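Remember, predicted model here, so these are calculated numbers, not experimental data. First the proteins, then the strands, lettered A, B, ... as listed; each starts at 1.
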There are 2 protein chains.
Amino acid sequence: MYRPLAVRSGMLQSDWETIPEITCSGQLGALIALDRMGSRLHFSRDEEVYAQGDSDGAWYKVISGVVRISKLRADGRRHIASFAFGGDAFGLESAGERAFSAEAIGEVTLMRYPWAVTKRLTEENPAVARYLCEMAQKSLAAVQNRLILLGRMTAQERVASFLLELFERDDADHIDVAMSRCDIGDYLGLTTETVCRILSDLKRRGIIAVRTHAIDLTDRPSLEAIGEDRENKEVRARGFAAASKTELARTGTPALPQPL
Amino acid sequence: MYRPLAVRSGMLQSDWETIPEITCSGQLGALIALDRMGSRLHFSRDEEVYAQGDSDGAWYKVISGVVRISKLRADGRRHIASFAFGGDAFGLESAGERAFSAEAIGEVTLMRYPWAVTKRLTEENPAVARYLCEMAQKSLAAVQNRLILLGRMTAQERVASFLLELFERDDADHIDVAMSRCDIGDYLGLTTETVCRILSDLKRRGIIAVRTHAIDLTDRPSLEAIGEDRENKEVRARGFAAASKTELARTGTPALPQPL
DNA sequence: CGTTCGCTTGATATCTATCAAATCCTGTGG
DNA sequence: CCACAGGATTTGATAGATATCAAGCGAACG
């Protein structure tokens, strides 16, 4: 669970332009208005966008690259709450002080939107508010799915899920893995070693081809069989509702999937 | 991980009143406007407010009682994403189909707000939008903290954290534990048995007094020592930034807390 | 071209799940 | 009001998954 230290960089943020009075009401107008408010920033590997404890009143959106949203605890245990890829917004959750820090993984370009002007825009333009709300809701849904992964999935399922997520994001059978094994571990609640072992195992079984920072998917069905539970295999509660209480009770807890 | 089945109830929802044209712009006005749109509902033990797969276009707010937000997977593993107590909003994350189901734990009274009218209000009244946004952000922050609990905390720390959360919520040394041990387990990513064992151990050590549905806190400092990492012991990233990279690397991962 | 950090693999320890069984509660019916 | 039944809780014994400790390997970088 060791991790490289993020380098604090002087953020080269351009000055805000004076805020024009904007009252267009379409969704598109809202986004344009927002973009006018934002400044474009660039960060290099392991530079901090913000640190936990900071109180920079802004939220961000990734243009390119990957950002790591993480929390470090006094005992050294680190947890990565999420990776923000191109198009993802982050830093939405903070009212005052940052609970997490955000660091660039490799070269990153992003937009920074101060809350102050965002809030003003919000009042002038309902579409902006709706847009923000939607992004927060989207984040919320994403995080809630991760709760199940961390709370109830085996190491193998976690890694498979993670890989599938990456493959789907790029809609390809090839992905560049920007983050380190350690990052992946801290994201999935596993150790570096366990992540390695699972990857090696998947490779041995001919499901993926692994190179340090790139992975190819050679047997999608198998990988899905391992990790798909993530989304699809939910129970239709309605369906179950038909079963009697005791009947379900007797079934008990099914066995967990095969070991490593 | 067995669980009792929720009973699907015919929801006795009152008819909406015709929506008045509201254009007041204060926060208070927003809440009043929202409340006008909502209907008050009541549920009994294990009744479903909504089920996963449902698509009721609404969000909710708890007036009294506790609601369990959970997801059941095909293999029988269940996970509880959150408990919603009095004052908490839930069901905010769903755009279309419900990913989770919501069930009453004991007697519950709550407000139901349809998205359709909420959205309309949002456009008429920026304060409503902001209010919703804030609630979504609040939920987001809460869920993100649970990620760490599930990903990086031991069973003992999880239970201690959970108890502290309950004690803090009521601001008392006594709590009524409405949910079953099984619910707690599914919330913390543990089995019923483990939850029991931890509680028994805490009792044995004189930290809490346990009765089935009520717990007293007799030694707050000890409990905090076990579970407080949850919030407070975060590292000030700034502080660490001073240390050299290698220095921190050599420290390595510290040992985990004492066993059960 | 060497050094360093990250990755990989192996051996072992430990935590928590699983399986099993006794006891306690709670709600129900007499 | 009390006895009963069924589920919930608790405790014990054991197995298994993943963390921890340790060491070699490989790749990136100055």
- Query: A/D201 CG to C/dT8 P: how many Å, rounded?
  - Reply: 13 Å

- Item | For B/S44, side-chain hydrogen bond (donor to acceptor under 3.5 Å, both in side chains) partners two or more places apart | B/E107

- Note on the structure: Of A/A155 and B/R181, the one whose nearest nucleotide on DNA chain D sits closer to the 5' end is B/R181

- Query: In whole angstroms, how far is the C1' atom of C/dC7 from the NZ atom of A/K203?
  - Reply: 10 Å

- Message: What is the distance, to the nearest angstrom, from the CZ atom on B/R211 to the P atom on D/dT10?
- Response: 12 Å

- How would you list all residue pairs meeting ring-ring contact (aromatic ring centres under 6.0 Å, His included) that involve residues 167-217 of chain B, not counting sequence neighbours? B/F83-B/Y187, B/F162-B/Y187

- Sequence-distant partners of A/S222, side chain to side chain contact (heavy atoms under 4.5 Å, CB included), two or more places apart: A/I207, A/D219

- Message: Side-chain N or O of A/T194 versus OP1/OP2 of D/dA19: is the shortest distance under 4.0 Å?
- Response: yes

- Task: Check side chain to side chain contact (heavy atoms under 4.5 Å, CB included) between A/A84 and all other residues, then give those that pass, not counting sequence neighbours.
- Result: A/V62, A/V67, A/D88, A/F90

- Message: Whole angstroms only, please: what is the NE2-P distance between B/H79 and C/dA17?
- Response: 13 Å

Please tabulate the protein-to-nucleotide N/O contacts below 3.5 Å involving nucleotides 12-14 of chain D, giving atom names and distances.
unit_1: D/dG12; atom_1: N7; unit_2: B/R197; atom_2: NH1; d: 2.8
unit_1: D/dG12; atom_1: O6; unit_2: B/R197; atom_2: NH2; d: 3.2
unit_1: D/dA13; atom_1: N6; unit_2: B/R197; atom_2: NH2; d: 3.4

- Message: Once you apply a heavy-atom cut-off of 4.0 Å, does B/G185 come out as touching a base, just sugar-phosphate, or nothing?
- Response: nothing

- Those residues that, when tested against B/D173, pass side-chain hydrogen bond (donor to acceptor under 3.5 Å, both in side chains) (two or more places apart): B/R220

- Give the rounded distance in Å between these two atoms: CZ of A/R77 and P of D/dT20. 9 Å

- Spacing between A/L190 atom CG and C/dC7 atom P, to the nearest angstrom: 15 Å

- Message: I need the single residue from A/L150, A/N145, A/I148 that forms a side chain to side chain contact (heavy atoms under 4.5 Å, CB included) with B/H79. Which is it?
- Response: A/I148

- Any sub-3.5 Å donor-acceptor pair from A/R146's side-chain atoms to A/A81's backbone N or O? yes

- Task: Note down the inter-axis angle between the two ends of the helix from C/dC1-D/dG30 to C/dG30-D/dC1, five pairs each, to the nearest 10°.
- Result: 50°

- Task: Answer yes or no: is there a donor N or O on one side and an acceptor on the other, between the side chain of B/E93 and the main chain of A/Q144, under 3.5 Å?
- Result: no

- When you measure from the side chain of A/R45 to the backbone N and O of A/I105, does any donor-acceptor pair fall under 3.5 Å? no

- Task: Take the protein atom CG of B/L199 and the nucleotide atom P of D/dT10, then report the distance between them rounded to whole Å.
- Result: 7 Å

- With A/I215 as partner, the option from A/I175, A/D176, A/L202 fulfilling side chain to side chain contact (heavy atoms under 4.5 Å, CB included) is A/I175

- Residues in side chain to side chain contact (heavy atoms under 4.5 Å, CB included) with B/S64, at least two apart? B/T109

- Task: May I have the distance from B/D186 (atom CG) to C/dT16 (atom P), rounded to whole angstrom?
- Result: 16 Å

List, with names and distances, any nitrogen or oxygen atoms from the protein found under 3.5 Å away from nitrogen or oxygen atoms belonging to nucleotides 25-28 of chain C.
none

